[in-house]
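Input: a single structure, listed below in structure tokens.
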Amino acid sequence: MFNRNMYGFREALPSLPAKFVLVFLALMACPVTAWAAAEQSESVRIGVLAKRGPERCLEKWGPTAEYLTAEIPGYSFAIRPLGHDEVGLAVKRGEVDFILTNPSSYVELERLYGASRIVTLKNLYLGRPYTIYAAAIFRRADRDDIHDLDDLKGKTFMAVDEESFGGWQMAWRELKKHSIDPRRDFSDLRFGGTHDAVVVAVQEGKVDAGTVRADTFERMAMEGKIRLDEFHVIHEQRGADDDLPCKHSTGIYPEWPLAKAARTSDELAEKVAVALEGIPLDSSVAQAARCAGWTIPHNYESVHECLRELRIRPYQDYGKLTGGAVVRRYWPWLAGAAGVLFIAGVISFHVIRLNRKLRQALSQYGNELAERKRTEESLRKSEQLRAESEKLAAVGRLAAGVAHEINNPLTGVLTFSHLVREKEDLDEQAKEDLDLIIHETTRVSEIVQGLLEFARERPAVKEPLDVNDVVRLTIQLLGNQEAFHDVTVTGELEEGLPRVDADMNQIQQVLVNLSLNACEAMHDGGTLTISTSVQDGKVSVTVADTGCGITREHLDQIFEPFFTTKPVGKGTGLGLSVSYGIIRQHGGRLKVESEVGRGTTFTMVLPSTER
Ligand code: ADP
Ligand code: MG
């Protein structure tokens, strides 16, 4: 059963002021030895997490300090009680040489300030030593509405302290493992300050449930404060290798460690460890500390794990990557990536610039190429034209020469033929033969006239002319012709045309040529329309028929001299080439549009002298 002496010892221990009086009296009694001892000894401070206040802390651990002072010559050990929020600062500032604190506080000191455990506490439980402990999540025995962790949702809950490992963090981890977020899922979460206060709050029904170190109930029961059957531990754990004898709801963790500060010498730490491990179970020192002494340091990895899972100090940022942490952690990669990006940027910039230059060069080259093609084309055309016109000029000169030579004898032949024909004594046969001679000779004469026209033997005699007058005259002339019997000739004249500088006879000759062709294209009759209009200061005259039309391949040839589709003896092929020459001589143009089967329209455009 529980060792009653352990708690009875408390009453026997002198209170703090009394202790000072005793020490003072001892110093007075033998001043020399005390002085000598004080001068030699180096003071060593042991910081202790005082979970129940500084007084209880000194009561509990004062004897241990005295024990160490006595065991280790040359050193004087003193206890410094520290609150939860003072522990870290005291270690950081080097105000303590050793620190005795709970496991979660220890792993934080280990991580932040390089503290290292030298021994682990052996807790005394039911007369036996334990180096492990756990927490209980409990309710009052009569609250049968709470069976497991899930039933805690919506209930009020009390724990010891946010920084308490056995009095809160162990249970929190277990709750989190079962997807219960205390702050969200409990209707209220309070902290009682001490383990006893939590037990009392549940006992009095001030909260629905709570958590404390699992051995709290037995201790309080021993102290006569509670009865064990008043409480029920929920979510009870029974692991295979879990030999903790009291009911508990969480995993097991190593007991409190005593750690040395980073700068404390190994030599001193070794001495302290050896001395502490040598404390006998039944010594007054052990009894004051309510422990079973100390053992070799345990592994605190499970505590690290717990804090990591809870994401609390020193792992508050664990798993979260803040901007700064990312930069610190991955800066070589980030720098590399930035470098690669920069190089890629520079390269693409250059590529883009090169591309643009290339495009510009290409389009310039394309433009030059097109320009050159145009130049070559126009050169080729102008050469072709020159050759053409030289050829035409040569043909013209030849024709003119031949025409002259033929014209004189022909005139003689015609004149004499007419004279002979007038004679009375000719017989019928001779008359017929002469008529034939005259007819054929007249035809030859006409061809010669055409040749002379083509060779532009007759220079134009230009004068200001109203084209409408010429058109009216021509229509009148055509109306009297036998050939135009089946053709309706109409004029559509725009009044007030500007005058053109032209040779009236030549313009009339063109109109007659175009009209005769039109008439010959309308074998079965049709309509011939001659119209005039003015456009951009130029006078245009169109001769349109409803005849057979001109095929596409003939369109390219009709202006050539001697081109004709008419039977031998009918056409000379000179009408259009002569007309073309005349219009060109007037600085105008002659165009044709035709559709086979529907008709043809010739348009001559003459520049006007008026503005
Ligand atoms: P010709 O009338 O002696 O044949 P032209 O130089 O006057 O010579 O005409 C050349 C050719 O153009 C004609 O043979 C004919 O094929 C074609 N032509 C000219 N005008 C017309 C027209 N209005 N309709 C159809 N064909 C035409
Ligand atoms: Mg003709």
Side-chain angles (χ1 to χ4, degrees), residues 374 377-378 381-382 385 388-389 392 453 456 459-479 484 487-522 526-552 554-560 575-611:
R374 274 198 295 276
E377 181 73 2
S378 65
K381 269 190 177 166
S382 72
L385 269 178
E388 202 90 324
S389 63
L392 283 182
E453 293 287 355
R456 293 181 205 106
V461 184
K462 291 181 185 171
E463 53 190 345
L465 198 69
D466 183 351
V467 174
N468 281 347
D469 291 343
V470 190
V471 172
R472 280 191 209 98
L473 211 66
T474 308
I475 292 174
Q476 208 178 351
L477 192 79
L478 296 176
F484 285 81
V487 173
T488 316
V489 184
T490 59
E492 290 175 0
L493 310 182
E494 184 174 318
E495 289 307 319
L497 289 181
R499 286 171 184 276
V500 294
D501 209 19
D503 182 320
M504 184 175 175
N505 288 325
Q506 287 187 350
I507 298 301
Q508 186 172 17
Q509 189 187 344
V510 171
L511 282 175
V512 170
N513 281 346
L514 296 178
S515 302
L516 281 175
N517 282 344
C519 181
E520 282 161 1
M522 299 185 285
T527 309
L528 172 66
T529 311
I530 304 179
S531 41
T532 59
S533 63
V534 59
Q535 226 167 27
D536 299 333
K538 286 172 184 164
V539 174
S540 61
V541 186
T542 61
V543 179
D545 65 56
T546 55
C548 61
I550 307 167
T551 61
R552 189 164 288 278
H554 286 170
L555 268 182
D556 292 339
Q557 296 171 283
I558 56 173
F559 292 109
E560 286 177 10
L576 284 180
S577 58
V578 167
S579 300
Y580 189 83
I582 289 170
I583 300 302
R584 281 280 296 271
Q585 212 180 12
H586 282 79
R589 293 192 305 138
L590 181 61
K591 297 181 293 184
V592 63
E593 280 173 293
S594 185
E595 201 180 327
V596 174
R598 305 213 67 166
T600 307
T601 302
F602 282 88
T603 304
M604 59 168 136
V605 181
L606 295 168
S608 100
T609 46
E610 296 174 20
R611 276 273 92 202

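Interatomic distance, Gln585 CD to Lys462 NZ, rounded to the nearest 0.5 Å: 6.5 Å. To the nearest 0.5 Å, atoms CD (Gln509) and CE (Met504) are separated by 13.5 Å. Atom-to-atom distance recorded for Leu473:CG and Asn468:CG is 12.0 Å, nearest 0.5 angstrom. Of the inter-residue distances, the one linking Ile475 atom CD1 with Leu493 atom CG reads 6.0 Å to the nearest 0.5 angstrom. One distance of note links OG of Ser577 with CD1 of Ile582; it measures 10.0 Å at 0.5 Å rounding. We find the NZ-CE distance between Lys591 and Met604 to be 12.5 Å, quoted to the nearest 0.5 Å.
Checked against salt bridge (charged side-chain N to carboxylate O under 4.0 Å, His left out), Asp469 has the following partners two or more places apart in sequence or in another chain: Arg472. Every residue meeting the side chain to side chain donor-acceptor pair (under 3.5 Å) condition with Thr551, not counting sequence neighbours, appears here in chain and number order: His554. In terms of the side-chain contact (heavy atoms from CB on, under 4.5 Å) criterion, residue partners of Ser515 (sequence neighbours excluded) are, by chain and number, Leu478, Phe484, Leu528, Ile530, Val543. When the side-chain contact (heavy atoms from CB on, under 4.5 Å) test is applied to Arg374, the partners found at least two apart in sequence or on another chain are Ala370, Glu371. Scored by the salt bridge (charged side-chain N to carboxylate O under 4.0 Å, His left out) test, Glu377 finds Arg380 as partners (sequence neighbours excluded). Every side-chain contact (heavy atoms from CB on, under 4.5 Å) that Glu492 has, sequence neighbours left out, goes to Thr529, Ser531.
A 6.0 Å sphere centred on CD of Glu593 holds no more than 12 heavy atoms belonging to other residues, nucleotides or ligands. Within a 6.0 Å radius of CD in Gln557, other residues, nucleotides and ligands contribute more than 12 heavy atoms.
When all heavy atoms of Val487 and Cys519 are compared, the closest pair comes out as CG2-SG, 4.2 Å. Between Leu477 and Gln508, the shortest heavy-atom contact is CD2-NE2, 4.0 Å. When all heavy atoms of Thr532 and Glu494 are compared, the pair lying nearest together is OG1-N, 3.1 Å. Here the shortest heavy-atom pairing between Val605 and Ile583 reads O-CG2, 4.4 Å. Between Gly549 and Thr600, the shortest heavy-atom contact is CA-OG1, 3.5 Å.
Put simply, the side chain of Leu576 does not reach to within 4.5 Å of the side chain of Asn513, judged on heavy atoms. Using a 4.5 Å cut-off on side-chain heavy atoms (C-beta onward), His586 and Val500 make no contact. Residues Arg499 and Leu465 form no side-chain contact, since every pair of their non-hydrogen atoms from C-beta on lies 4.5 Å or further apart. At least one side-chain heavy atom of Phe602 sits less than 4.5 Å from a side-chain heavy atom of Ile558. For the pair Val534/Ser608, no side-chain contact is recorded, criterion being any heavy-atom separation below 4.5 Å from C-beta on. You'll find the side chain of Val541 stays beyond 4.5 Å of the side chain of Val510, heavy atoms only.
The aromatic rings of Tyr580 and Phe559 sit tilted relative to each other, their planes meeting at an angle between 30° and 60°.
Neither side chain, Thr542 nor Thr603, offers a donor N or O lying under 3.5 Å from an acceptor on the other. For the residue pair Thr609/Asp501, the side-chain donor-acceptor check at 3.5 Å is not satisfied.
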